Enquirer: 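Sharing a structure with you now.
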Amino acid sequence: MTGRWVIYGATGYTGQLLASRSLARGLSPLLAGRDGARLRRLAEPLGFEHRAARLDDPAALARLLRGARLVLNAAGPFAGTAGPLVAACLATGAHYLDVTGEPAVFAALRRRSGLARQRGVMLLPGVGFVVVATDCLAAHVARRLPGAVRLRLGVSLPASYAGRGSLRTAARHLSPGVRVRHGGRLAVPPFPLEHDFDYGWGRRTGLAVDWADVVTAYYTTGIPDIEVYLDLQPAERAALLAGRLFAGWLRSPPGQALLRAKARTMPEGPPPADRRRAGCAVVAEGEDHDGRRARARLHTPDQYTFTAAAALSLVERVLAGELAAGFQTPARVYGADFVLGLDGVTREDLAG
Ligand SMILES: NC(=O)c1ccc[n+]([C@@H]2O[C@H](COP(=O)([O-])OP(=O)(O)OC[C@H]3O[C@@H](n4cnc5c(N)ncnc54)[C@H](OP(=O)(O)O)[C@@H]3O)[C@@H](O)[C@H]2O)c1
């Protein structure tokens, strides 16, 4: 496998994990970001090249990506970082991958699909836990029930586990309502939706959330009605509902300052021992016009371990020339069973 490739945002929690796991897999990324000193401290012990390039400097980004096969963007919130990197990819012909989970970023990249196809560039956002796990399970259920018209996805993550980068990202996208897909269009139901899922440790009631699959699973499966639910502890649920109630104020400058201050008090991410103990579950339920159902469940390692494994496995596939130009979703290009090739992932079909 040859070709220069770049991890942008390598100094973050996820970026560092991607860098160290790259070494373990025999991959040699160039580590990039905006802070040259931090990049040097990270890259030198790993024996990787490194280079600083700011996102507000298109010429520096073009120099960074010229001759590169792909960039894997780990710099979030991606609403602020995907645009300049995608522009540099379209200018240089490098493929674009990222670990975003932000629905608006998927929608924005999808709008650039035509130009990307013309330039032979693949835009593949969401190569982490979000959306690889849900996208592959959605594709599996759609394959089992080809006439499905409704898809419900349930996601159970380790409690109080996400790091400060994820809080900063969530803070950028606070909204009073939750988007679902209804009749192929995005819609905001007037009240909170709930649904029960069996994650293998008893049934749990999930709350509908704004999640990227309302964009990506529609693109992958064509199912017109899609909802995504999160399994929440009581305190997390209360915080989420309060965040929706006060979304207007929290989006204002003082609200954003408060959330940034809160993020600074959080750990950058879980320590490795916690990662080894934790795991995630995803359930997908499809239903057709006649009420026939197909259900399946996925168990995975924790979302950061999964993200590193999925992202680097997809990097290897792209470097090997397996790709499709334009905006893509992981399961559309690499299939519903891609996820089964990742360590610690199991899938089971459930009785309807
Ligand atoms: N898809 C998934 O399942 C999944 C899994 C894990 C994480 N994520 C997402 O990945 C993102 C990163 O998470 P994290 O925990 O690694 O966060 P983090 O530790 O805060 O790291 C963020 C990284 O982004 C860089 N960055 C942010 N804004 C930038 C800008 N304008 N220009 C250049 N660099 C910029 C930071 O650079 P500095 O060091 O210079 O500040 C840092 O390297 C978050 O959005 C998170 O939600 C998604």
Side-chain angles (χ1 to χ4, degrees), residues 6-21 31-43 50-58 60-61 64 71-85 88 97-106 124-136 155 157-158 161-173 209-213 215-216 228 230 259-260 262-271 275 278 280 282 298 300-312 314 329-330 339 342:
V6 175
I7 298 176
Y8 192 89
T11 53
Y13 180 83
T14 308
Q16 291 181 48
L17 191 59
L18 288 165
S20 63
R21 294 292 163 95
L31 304 186
R34 62 182 164 188
D35 184 333
R38 288 188 67 199
L39 285 165
R40 189 174 57 251
R41 283 198 298 278
L42 174 65
H50 57 91
R51 189 180 305 169
R54 293 187 60 86
L55 295 175
D56 57 7
D57 184 347
L61 289 182
L64 176 70
V71 60
L72 171 58
N73 181 13
F78 295 89
T81 67
L85 281 167
L97 286 70
D98 71 26
V99 296
T100 188
E102 297 157 56
V105 173
F106 289 88
L124 186 66
V127 298
F129 179 83
V130 183
V131 291
V132 171
T134 37
D135 197 46
C136 287
V155 179
L157 303 172
Y161 188 80
R164 67 173 79 123
S166 295
L167 177 63
R168 281 195 196 111
T169 301
R172 283 282 292 257
H173 297 281
V209 288
D210 240 356
W211 205 263
D213 297 87
V215 179
T216 51
V228 187
L230 199 52
L259 289 170
R260 277 197 301 275
K262 165 76 183 144
R264 279 194 293 275
T265 67
M266 291 174 66
E268 60 170 2
R275 286 207 307 264
C280 308
V282 179
L298 206 63
T300 77
D302 80 284
Q303 65 264 40
Y304 290 101
T305 304
F306 182 101
T307 291
L312 295 177
L314 290 170
T329 56
V339 74
L342 305 176

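One-based numbering along the sequence shown. Side chains included, hydrogens not; waters and symmetry mates left out as well; all remaining heavy atoms used. Order of listing sets the numbers, starting from 1, for every ligand and every atom in it. As the structure is a prediction and not an experimental result, all values here were calculated from the model.
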Enquirer: Checking side-chain hydrogen bond (donor to acceptor under 3.5 Å, both in side chains) against Asn73, which of Thr81, Thr100, Asp98 comes through?
Expert: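 Of Thr81, Thr100, Asp98, side-chain hydrogen bond (donor to acceptor under 3.5 Å, both in side chains) with Asn73 is met by Thr81 alone.
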Enquirer: Taking side-chain hydrogen bond (donor to acceptor under 3.5 Å, both in side chains) as the definition, give me every residue that meets it alongside Thr14, ordered by chain and number, with sequence neighbours left out.
Expert: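 For Thr14, no residue satisfies side-chain hydrogen bond (donor to acceptor under 3.5 Å, both in side chains) once neighbours in sequence are set aside.
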Enquirer: For ligand 1, what N or O to protein N or O distances fall under 3.5 Å?
Expert:
{"residue": "ligand 1", "atom": "1 (N)", "partner": "Val99", "partner atom": "O", "Å": "2.9"}
{"residue": "ligand 1", "atom": "1 (N)", "partner": "Val130", "partner atom": "O", "Å": "2.9"}
{"residue": "ligand 1", "atom": "3 (O)", "partner": "Phe129", "partner atom": "N", "Å": "3.2"}
{"residue": "ligand 1", "atom": "3 (O)", "partner": "Val130", "partner atom": "N", "Å": "2.9"}
{"residue": "ligand 1", "atom": "3 (O)", "partner": "Thr307", "partner atom": "OG1", "Å": "3.4"}
{"residue": "ligand 1", "atom": "16 (O)", "partner": "Tyr13", "partner atom": "N", "Å": "3.3"}
{"residue": "ligand 1", "atom": "16 (O)", "partner": "Thr14", "partner atom": "N", "Å": "2.8"}
{"residue": "ligand 1", "atom": "16 (O)", "partner": "Thr14", "partner atom": "OG1", "Å": "2.9"}
{"residue": "ligand 1", "atom": "19 (O)", "partner": "Tyr13", "partner atom": "N", "Å": "2.9"}
{"residue": "ligand 1", "atom": "20 (O)", "partner": "Arg168", "partner atom": "NH1", "Å": "3.2"}
{"residue": "ligand 1", "atom": "39 (O)", "partner": "Thr11", "partner atom": "OG1", "Å": "2.9"}
{"residue": "ligand 1", "atom": "39 (O)", "partner": "Arg38", "partner atom": "NH1", "Å": "2.8"}
{"residue": "ligand 1", "atom": "40 (O)", "partner": "Arg34", "partner atom": "NE", "Å": "3.0"}
{"residue": "ligand 1", "atom": "41 (O)", "partner": "Arg34", "partner atom": "NH2", "Å": "2.9"}
{"residue": "ligand 1", "atom": "43 (O)", "partner": "Gly9", "partner atom": "O", "Å": "3.4"}
{"residue": "ligand 1", "atom": "43 (O)", "partner": "Thr11", "partner atom": "OG1", "Å": "2.8"}
{"residue": "ligand 1", "atom": "43 (O)", "partner": "Gly12", "partner atom": "N", "Å": "3.0"}
{"residue": "ligand 1", "atom": "45 (O)", "partner": "Thr169", "partner atom": "OG1", "Å": "2.6"}
{"residue": "ligand 1", "atom": "47 (O)", "partner": "Ser166", "partner atom": "OG", "Å": "3.4"}

Enquirer: Any donor and acceptor pair, going by atom type alone, linking the side chain of Tyr8 with main-chain N or O of Ala53 inside 3.5 Å?
Expert: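 Indeed, once roles are kept as given, a pair shorter than 3.5 Å links the two residues.
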Enquirer: State which residues pass side chain to side chain contact (heavy atoms under 4.5 Å, CB included) with Arg41; sequence neighbours excluded, sorted by chain then number.
Expert: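 Only Ala37, Arg38 meet the side chain to side chain contact (heavy atoms under 4.5 Å, CB included) criterion with Arg41.
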Enquirer: Quick check: do Pro158 and Cys280 have side-chain heavy atoms less than 4.5 Å from each other?
Expert: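 Yes. Closest side-chain heavy atoms under 4.5 Å.
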Enquirer: Applying side-chain hydrogen bond (donor to acceptor under 3.5 Å, both in side chains), name anything that partners Asp213, two or more places apart in sequence or on another chain.
Expert: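 Expected list: Thr134, Trp211.
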